[in-house]
> 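Dropping the structure in here first, questions after.
The first residue of the sequence shown is numbered 1, and numbering continues consecutively from there. Note: hydrogens, waters and symmetry copies are ignored here, and every other heavy atom, side chains too, is used. For ligands, and for the atoms within them, numbers begin at 1 and follow the listed sequence.
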Amino acid sequence: MTLTNLVTIADLSDPVNFTFFLGTMAMTAASAFFFLSLNQFDSKWRTSILVSGLITFIAAVHYYYMREAATSGGVTTEIRYIDWILTVPLMCVEFYLILKAAGATTKHLSTLIWASLVMLVTGYFGEVSDTANGPALWGLASGLAYFYIAWLIKFGPLAKLAAAAGGSVEKAHKMLTLFVLIGWAIYPLGYMIGTDGWYDFVDGIGLNMDVVYNIGDAINKIGFGLVVYAAAVSQK
Ligand SMILES: *C/C=C(C)/C=C/C=C(C)/C=C/C1=C(C)CCCC1(C)C
């Protein structure tokens with residue numbers, strides 16, 4: 001038996017394996033960055049930076065397992081959704097923390113969290129559905145919850161609070177809103193690639209669902225955290 005029989009190295013020319021490896025390392029590095037920067041901020045910003053680090057850290061651990069599952073031919077769906085169910089509500093917490101001084105309440109926070117849980121749970125049911133119309137119908141429900149979140153942030157009460165606060169709060173809110181409107185829109189694309197429905201024409205773009213989700217996670221988890229970091233630095 002040769003050494004290559006004992007140690008199997010995943011085929012990294014495969015984009016799924018490659019982005020799972022890269023994602024694991026990027027999330028780990030981002031977590032170290034956020035955690036190690038904590039001391040340079042005063043208490044007003046420290047919780048926000050801590051939450052940024054928690055989001056990428058939780059993702060790093062899940063990516064470690066998803067990479068393992070993917071490279072050994074297993075399924076990543078459950079690990080993916082467990083990750084999202086923890087990290088997406090934490091992103092809602094980031095919105096709340098940024099707007100807290102401007103008057104955001106825990107009621108606003110719980111509305112955001114509930115809507116995000118509806119979006120994710122219905123999305124999960126759609127991904128594991130084995131009926132012909134299941135993925136399209138669950139996906140529609142998930143999409144409606146997504147639009148509701150986008151509305152709350154862009155036009156609803158949270159937008160009004162941000163506009164009234166002005167200055168760096170409004171600026172940070174605007175940037176985070178762009179992530180929800182553009183960055184989060186990457187996920188339904190992955191879903192349409194990975195499930196069957198009227199939208200199967202998107203399969204033609206030749207991407208894989210996991211690759212799309214991995215790109216989305218890198219942009220949204222690390223990018224979102226960096227926006228919060230930049231807001232904290234500018235206000236120090
Ligand atoms: C860090 C993880 C994040 C920011 C995950 C976000 C996930 C979504 C915005 C997922 C949305 C979906 C839809 C809008 C419809 C289809 C089903 C989902 C769950 C993929």
> For a quick check under 3.5 Å, do Y213 and N208 share a side-chain donor-acceptor pair by atom type?
no

> Any cation-pi pair here, R67 with Y65, using under 6.0 Å and within 45°?
no

> Just to verify, what does Y124 make a ring pair (Phe, Tyr, Trp, His ring centres under 6.0 Å) with, not counting sequence neighbours?
Y81

> List by chain and number: which residues place a heavy atom under 4.0 Å from ligand 1?
Y81, W84, T87, V88, M91, M119, G123, G139, S142, Y146, W184, Y187, P188, Y191, Y213, D217, K221

> Should side-chain heavy atoms under 4.5 Å link Ile, Leu, Val, Met, Phe, Trp and Tyr, which residues sit in the same cluster as F18?
L22

> For atom NZ of K174, decide whether the heavy atoms of other residues, nucleotides or ligands shown that lie under 6.0 angstrom number more than 12.
no

> In chain order, what residues pass the side-chain contact (heavy atoms from CB on, under 4.5 Å) check against S116, with sequence neighbours excluded?
V88, P89, C92, I149

